[in-house]
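See below for the structure under consideration.
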Amino acid sequence: MRDEVGRLRHRPDFLRVAGTRQKAVAPGLILQVGKRGDVGDAQPAIPRVGFTVTRKVGSAVVRNRARRRLKAAAAAIFPAHALPGLDYVVIGRGATLGRPFILLIEDLTTAMRRLNAYRNQSESPTA
RNA sequence: CCAGACGGCCGGAUGGCCGCUCUUUCCCCGCUUGCCGGGGGGAGGGAGGAAAGUCCGGGCUCCACGGAAACACGGUGCCGGGUAACGCCCGGCGGGGGCGACCCCAGGGACAGUGCCACAGAAAACAAACCGCCGGCCGCGAGAGCGCCGCCGGCAAGGGUGAAACGGGGCGGUAAGAGCGCACCGCGGCCUCGGCAACGAGGGCGGCACGGUAAACCCCACCGGGAGCAAGACCAAGUAGGAACGGCAGUCCGUUCGGCUUAAAGCCGGGCGGGCGGGUGCGUCUCCGCAUCGUCGUUCGGGUCGGUCGCGCGAGGCGCCUGGUAACAGGCGUCCCAGAGGAAUGGCCAUCGCCCGCCUUUAACAAGCGGUGCACAGAACCCGGCUUACAGGCCGUCUGGCUCC
RNA sequence: GCUGCCGUAGCUCAGUGGUAGAGCACGUCCUUGGUAAGGACGGGGUCCGGUGUUCAAUCCACCGCGGCAGCA
């Protein structure tokens, strides 16, 4: 069972998610969560994810690599464990590049659990 | 072998699993049948030498404009060549550095004008004279000589200051001196020769007349219209069916409504229909036809921030040949080589290569273990340069030194 | 993509060719029974880096590094 995960692409979406102040900090990343605002109520809205890596992290090469590793981590977890109707924003930190990939995935799952945004695989997504 | 100079090149390799994006092709489903939408499979392409800084030059697009010129502003600045062009490149010249290979230089004009040259020093620029030197007179003294408080005249060699002092040091000359004279060097004209030229070489003349600074203002010559792909074009959606100004301007007939009027007539304003004229669009243009309408332009206001094009065949890459010292040019053959849009080109793993550390051990290697060690760095319209960053490595040419034959 | 500005003592800033300064801060001393205030003295600077122009550069020119801001 592989569910779709959408992608946040516009600045207002990021600002709305940041405005909810739902934040969890892990060594390798920071996670923000917010409910989708524009939902049509007929279909259950798919979860969406966006990535932010600021210039404080480093040069363009460093920022690109950090974002790609976060994308890979999200692709490994979100299709099975993201909750529908939520928008996730994953923020890269300076340690994102040096962190082993396994620990990066653990960081993501613990951050999701801490924000009550983690779905166990057995639960039905369309509750 | 060591040290060095210059030019060019590479800048991790192979494989596995899971993904991203573009192109192409096939299959299935759907309907509003079409380069339609959704899903799936196959094949192929997918960062750089600097993609960076944005310091120059172009293409392309829009705006402005009578061909253009001028002022202002900015840039460039020895000569010749290359180039689409350049502030780039190549070859020369001049100056400076290095034993040398070679390297460095914004390198026009200081008799067009203005400004500045601190401190020190007599004096920092049409010259002048502080300490001085010399001669004459005067005074003192027997004399050599002396004279701060004496006079007149000549001189600029010496001293000291400074970054820089109206040629340099040498010989002659002189009372002392002085290009006053002489040779050399420097400087400025002239002539001849070589060179396309910058410039160089030689000869002869002049008589020191001409300090530095133009990356101070400036003068001269040449170049530059402005903005930038978020340029610009189209589609969809959607708001207002808006306001102001300007360009030709509406006119005639019928009918109807309102106002003025007691009513009619008449006048004014509006609606509808038609004719003529006008605008816009299409048909290849003036003719003509069709459609549509008050139109078009500018500015403001309002709305949208979705999609498509621009967008990659190019001053293109590679190989060979020819011309040229070279930059480069020409010819022939061959290849098609990224196109994202919160932005693809990746994540994880294994093996090899290189580097670092440790241990065992050595004259040295090798082997073993560990390493979150493997440079600088990510296309955003494209191209030519410049500049800056860069672990490690390869190739070629040349210079100096040492040793051996 | 385009365009400006800034970098000077630990901090905030002057200085714009000629030996680099002010305020605050810091140190020592005086004053006080003691502290603060006040007074006296003092230490501190690769003037962001490099190359050049000039006799001489914080200042002028060029090239970098870092930071800030504006326009689209």
Side-chain angles (χ1 to χ4, degrees):
Chain A
M1 181 189 62
R2 176 155 285 264
D3 298 282
E4 284 186 88
V5 176
R7 185 78 185 273
L8 288 184
R9 293 190 189 278
H10 298 294
R11 177 174 165 79
D13 295 329
F14 284 83
L15 292 178
R16 184 171 41 74
V17 173
T20 63
R21 310 241 177 244
Q22 300 280 321
K23 184 176 79 171
V25 181
L29 53 89
I30 298 172
L31 183 69
Q32 293 175 326
V33 175
K35 285 189 178 170
R36 292 192 61 161
D38 57 339
V39 208
D41 44 4
Q43 295 283 337
I46 59 170
R48 297 188 300 178
V49 62
F51 302 93
T52 294
V53 183
T54 66
R55 282 178 56 195
K56 278 172 79 174
V57 174
S59 68
V61 174
V62 174
R63 297 198 304 271
N64 278 338
R65 291 206 58 212
R67 178 168 38 77
R68 285 166 181 157
R69 297 192 83 211
L70 294 176
K71 274 173 69 179
I77 296 178
F78 274 38
H81 299 292
L83 283 176
L86 289 183
D87 282 342
Y88 296 80
V89 170
V90 185
I91 300 173
R93 315 182 66 188
T96 304
L97 265 194
R99 195 107 170 122
F101 194 69
I102 312 251
L103 295 180
L104 202 60
I105 287 178
E106 280 181 18
D107 287 344
L108 188 55
T109 55
T110 55
M112 288 167 75
R113 285 203 175 91
R114 209 174 298 163
L115 294 175
N116 296 318
Y118 185 83
R119 168 167 66 88
N120 288 323
Q121 215 159 0
S122 57
E123 298 177 13
S124 170
T126 55

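Keep in mind that the numbers below use all heavy atoms, side chains included, and drop hydrogens, waters and symmetry copies. Just so it is clear, the model here is predicted, and its values are computed rather than measured. Reminder, nothing fancy here: chain letters follow the sequence lines and each chain counts from 1.
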Base-pairing mate for [N] - Watson-Crick or G-U, with both contacts under 3.5 Å:
N	result
B/A265	none
C/G23	C/C11
B/G80	B/C90
B/A377	none
C/C2	C/G70
B/U33	none
B/U54	none
B/C352	B/G12

Within 90° of 0 counts as syn, otherwise anti: where does [N] fall?
N	result
B/U397	anti
B/G179	syn
B/A47	syn
B/G250	anti
B/G307	anti

May I have the distance from [X] (atom [atom1]) to [N] (atom [atom2]), rounded to whole angstrom?
X	N	atom1	atom2	value
A/F101	B/C17	CZ	C1'	13 Å
A/I105	B/G347	CD1	C1'	9 Å
A/K71	B/G347	NZ	C1'	10 Å
A/L104	B/G347	CG	C1'	11 Å
A/L97	B/C374	CG	P	11 Å
A/N64	B/G342	CG	P	14 Å
A/R63	B/A379	CZ	P	9 Å

Same-atom distance ([atom1]) from [N] to [M], integer angstrom:
N	M	atom1	answer
C/U35	C/G17	P	49 Å
B/A69	B/C218	P	25 Å
B/G353	B/G368	P	10 Å
B/A123	B/C117	P	15 Å
C/U19	B/A120	P	13 Å
B/U308	B/C10	P	38 Å
B/G339	B/G48	C1'	16 Å
C/C26	C/G1	C1'	49 Å

Going by heavy atoms in the side chains, are [X] and [Y] under 4.5 Å from each other?
X	Y	answer
A/T52	A/T54	yes
A/Y88	A/P47	yes
A/V89	A/L31	no

Is A/F101 linked to A/F51 within one hydrophobic cluster, defined over Ile, Leu, Val, Met, Phe, Trp and Tyr using a side-chain heavy-atom separation of less than 4.5 Å?
-> yes
A/R67 near the nucleic acid: base, sugar-phosphate alone, or nothing, with a heavy-atom cut-off under 4.0 Å?
-> sugar-phosphate
Remember a base hit wins even if backbone is also touched, and classify A/R69 as base, sugar-phosphate or nothing at under 4.0 Å, heavy atoms.
-> sugar-phosphate
Can you find an N or O donor on one side and an acceptor on the other, under 3.5 Å apart, linking the side chain of A/T52 with the base of B/G342?
-> yes
Closer to the 5' end of RNA chain B via nearest nucleotide, is it A/V61 or A/R68?
-> A/R68
Taking the nucleotide of RNA chain B with the closest heavy atom to each, which residue, A/S59 or A/L103, is nearer the 5' end?
-> A/L103
OP1 or OP2 of B/G347 under 4.0 Å from side-chain N/O of A/R65 | yes
Non-hydrogen atoms of A/V57 and A/R93 that approach each other most closely | CG1-O, 3.8 Å
Give me the one residue out of A/V33, A/N116, A/L115 that meets side-chain contact (heavy atoms from CB on, under 4.5 Å) with A/L86.
-> A/V33
Cationic tip of A/R113 above A/Y118 ring, under 6.0 Å, 45° of axis = yes
Under a 4.0 Å N-O cut-off, is there an ion pair linking A/K35 with A/D87?
-> no
